[in-house]
Amino acid sequence: MRVLVTGANGLLGQKLCELLDHEPEVTLIATSRGQQRVKLDNGSFRSLDVTQQGQVERLFDEVCPDVVIHTAAMTQVDQCETEREACWLNNVTAVGFVAAACERSQSHLIHLSTDFVFDGSEGPLDELALPNPISHYGSSKLAAEEKVKQLKTPWTIIRTVLVFGVTNDQSRSNIVLWVKNSLEAGKIIRVVSDQWRTPTLAEDLATGCWLAARKKATGIFHISGSEMMTPYDIALRTAEHFGLDKSLIQETNSKEFRQPAARPLKTGFIIEKAQRELGYRPHTFNEGLAIVAAQLT
Ligand SMILES: NC(=O)c1ccc[n+]([C@@H]2O[C@H](COP(=O)([O-])OP(=O)(O)OC[C@H]3O[C@@H](n4cnc5c(N)ncnc54)[C@H](OP(=O)(O)O)[C@@H]3O)[C@@H](O)[C@H]2O)c1
């Protein structure tokens with residue numbers, strides 16, 4: 001099976017490549033913007049900017065992928081709010097290019113989306129919940145989902161929530177690493193306790209994507225961790241795990257802690273469909289922290 005991964009330098013991209021690089025039945029074509037930062041033993045790396053339609057078409061014609069896992073996106077929610085055109089180009093227009101190329105090469109498109117397509121009025125959410133984004137990032141990811149749903153070849157939309165993990169080049173931060181690094185440096189951090197999420201270990205998400213590819217599962221899947229937690233809980237649990245000073249963590253809320261883009265208050269996912277149809281089994285949050293800790297030493 002020829003699997004093309006976009007955004008291979010990113011957090012999920014790196015974890016997917018780590019997994020697929022050693023799958024005997026997979027020929028991996030890892031792609032990302034710019035130079036290779038992902039480690040590969042067997043697969044090949046090609047530079048690919050998905051906003052360049054010509055580049056996308058030429059590469060697909062050359063490699064004829066059976067499956068495309070599209071992780072590349074502009075993922076910084078506040079940057080998406082302030083740089084709206086760039087956000088739309090990367091998160092919507094480019095998805096149109098990738099989707100069209102999948103149709104031409106008859107590839108199965110597995111597209112990554114987000115809990116930020118929801119407004120946060122209720123959670124946890126299953127695949128039937130109605131999206132209603134409250135940020136430009138969320139709107140762009142929902143518009144991309146609509147493009148994917150138009151495909152006449154098999155498609156899968158995998159939505160996920162607050163991903164954490166360690167990249168091999170430490171180029172990506174996330175809530176767990178931010179808390180750990182800040183507390184180790186003796187910094188006080190303010191963390192909200194009125195938002196709810198089901199944080200996701202990057203390795204689990206990569207496995208979920210691979211299960212969908214292997215089982216040729218189509219439609220929408222919610223893939224995340226299984227524990228509902230606030231960012232404040234996550235910070236406390238991270239501090240406990242790494243033996244750091246919890247008194248540096250100050251509790252705040254979304255009204256006091258203003259950010260350029262609005263965040264949905266309550267999301268988190270019900271993952272029963274992925275458990276039932278894909279055999280998806282995420283680690284507990286504590287197991288995830290132990291995996292992160294082992295990778296950092
Ligand atoms: N992380 C989360 O908490 C989270 C939550 C919900 C959904 N998601 C979704 O999950 C997917 C993967 O997220 P992630 O955490 O792995 O993000 P990430 O670490 O930011 O990785 C995204 C990767 O995409 C690359 N990229 C961006 N624009 C590109 C372009 N035009 N052409 C080619 N590559 C491009 C980036 O390149 P550079 O390295 O050069 O910047 C980066 O390597 C995304 O679709 C995201 O929307 C993530």
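Computed from a predicted model, the values in this text were never measured in an experiment.
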Which heavy-atom pair separates [X] from [Y] by the least distance, and what is that distance?
X: Asp194; Y: Leu265; answer: O-CD2, 3.3 Å
X: Leu278; Y: Gly208; answer: CD1-O, 4.2 Å
X: Val68; Y: Ser107; answer: CG2-CB, 4.0 Å
X: Cys17; Y: Ala30; answer: SG-CB, 3.7 Å
X: Ile134; Y: Ala262; answer: O-CB, 3.8 Å
X: Lys149; Y: Ile157; answer: CG-CD1, 4.0 Å

Flag, side chain of [X] to backbone of [Y], donor-acceptor distance under 3.5 Å:
X: Asn91; Y: Ser140; answer: no
X: Thr51; Y: Leu89; answer: no
X: Asp233; Y: Thr230; answer: yes
X: Asp126; Y: Ile270; answer: no
X: Thr6; Y: Ala72; answer: yes
X: Arg281; Y: Gln275; answer: yes
X: Thr153; Y: Gln106; answer: no
X: Ser224; Y: Thr200; answer: no
X: Thr198; Y: Gly268; answer: no
X: Asn253; Y: Val192; answer: no

Any salt bridge between [X] and [Y], counting N to O under 4.0 Å?
X: Lys15; Y: Glu203; result: yes
X: Lys215; Y: Glu277; result: no
X: Lys246; Y: Glu240; result: yes
X: Lys266; Y: Asp115; result: no
X: Arg37; Y: Asp169; result: yes
X: Arg58; Y: Glu62; result: no
X: Arg237; Y: Glu227; result: yes

How would you list, by chain and number, every residue that makes a salt bridge (charged side-chain N to carboxylate O under 4.0 Å, His left out) with Asp204, sequence neighbours excluded?
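Salt bridge (charged side-chain N to carboxylate O under 4.0 Å, His left out) list for Asp204, sorted by chain: empty.
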So if you build clusters from Ile, Leu, Val, Met, Phe, Trp, Tyr with side-chain heavy-atom gaps below 4.5 Å, do [X] and [Y] land together?
X: Met74; Y: Val161; result: no
X: Val38; Y: Leu177; result: yes
X: Leu19; Y: Leu205; result: yes
X: Leu109; Y: Val67; result: no
X: Trp88; Y: Val56; result: no

For the residue pair [X] and [Y], establish whether any side-chain heavy-atom pair is separated by less than 4.5 Å.
X: Val176; Y: Leu289; value: yes
X: Arg197; Y: Arg263; value: yes
X: His111; Y: Ile158; value: no
X: Pro133; Y: Asp119; value: no
X: Val117; Y: Ser139; value: no
X: Lys187; Y: Asn181; value: no
X: Thr238; Y: Ile175; value: no
X: Ile189; Y: Leu248; value: no

Pair Gln52, Glu57 - check side chain to side chain donor-acceptor pair (under 3.5 Å), show working.
CA-CA 9 Å; Gln52 303 299 312; Glu57 283 175 355; over 6 Å; no
From CA spacing to verdict: side chain to side chain donor-acceptor pair (under 3.5 Å), Asn9, Gln36
CA-CA 7 Å; Asn9 283 335; Gln36 175 175 356; over 6 Å; no
Quick check, are the ring centers of Phe97 and Phe60 under 6.0 angstrom apart?
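Phe97 vs Phe60: aromatic centres not under 6.0 Å.
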When you look at Glu251 and Ser193, which way does the side chain to side chain donor-acceptor pair (under 3.5 Å) test go after all the steps?
CA-CA 6 Å; Glu251 188 173 357; Ser193 61; 2.8 Å; yes
Could you tell me whether Lys273 sits above the aromatic face of Phe221, with NZ or CZ closer than 6.0 angstrom to the six-membered ring centre and within 45 degrees of the axis?
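Flagged: Lys273 positioned over aromatic ring of Phe221.
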Just by distance, with hydrogens left out, do His241 and Asn286 show a side-chain donor and acceptor under 3.5 Å apart?
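Side-chain D/A pair, His241 to Asn286: absent.
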Do Ser135 and Glu81 have a side chain donor and acceptor closer than 3.5 Å?
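Not at all, the side chains of Ser135 and Glu81 share no donor-acceptor pair under 3.5 Å.
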Give the C-alpha distance, both sets of side-chain angles, the deciding distance and a yes or no for side chain to side chain donor-acceptor pair (under 3.5 Å) between His108 and Thr156.
CA-CA 8 Å; His108 176 184; Thr156 313; 2.6 Å; yes
Please list, chain by chain and in numerical order, all residues satisfying ring pair (Phe, Tyr, Trp, His ring centres under 6.0 Å) with Trp196, sequence neighbours excluded.
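Partners of Trp196 by the ring pair (Phe, Tyr, Trp, His ring centres under 6.0 Å) criterion come out as none, since no residue qualifies.
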Among all residues two or more places apart in sequence or in another chain, which pass the ring pair (Phe, Tyr, Trp, His ring centres under 6.0 Å) test with Phe269?
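Counting only residues at least two positions away or on another chain, Phe269 forms a ring pair (Phe, Tyr, Trp, His ring centres under 6.0 Å) with His222.
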Going from CG on Leu236 to CE on Met229, what distance comes out if it is rounded to the nearest 0.5 angstrom?
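Here the interatomic distance stands at 9.0 Å.
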Begin with the C-alpha distance, continue with both residues' side-chain angles, and end with the deciding distance and a verdict on side-chain contact (heavy atoms from CB on, under 4.5 Å) for Ile29 and Val5.
CA-CA 6 Å; Ile29 306 106; Val5 174; over 6 Å; no
Does Glu122 CD have over 12 foreign heavy atoms under 6.0 Å away?
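No - once you tally the heavy atoms of other residues, nucleotides and ligands closer than 6.0 Å, there are 12 at most.
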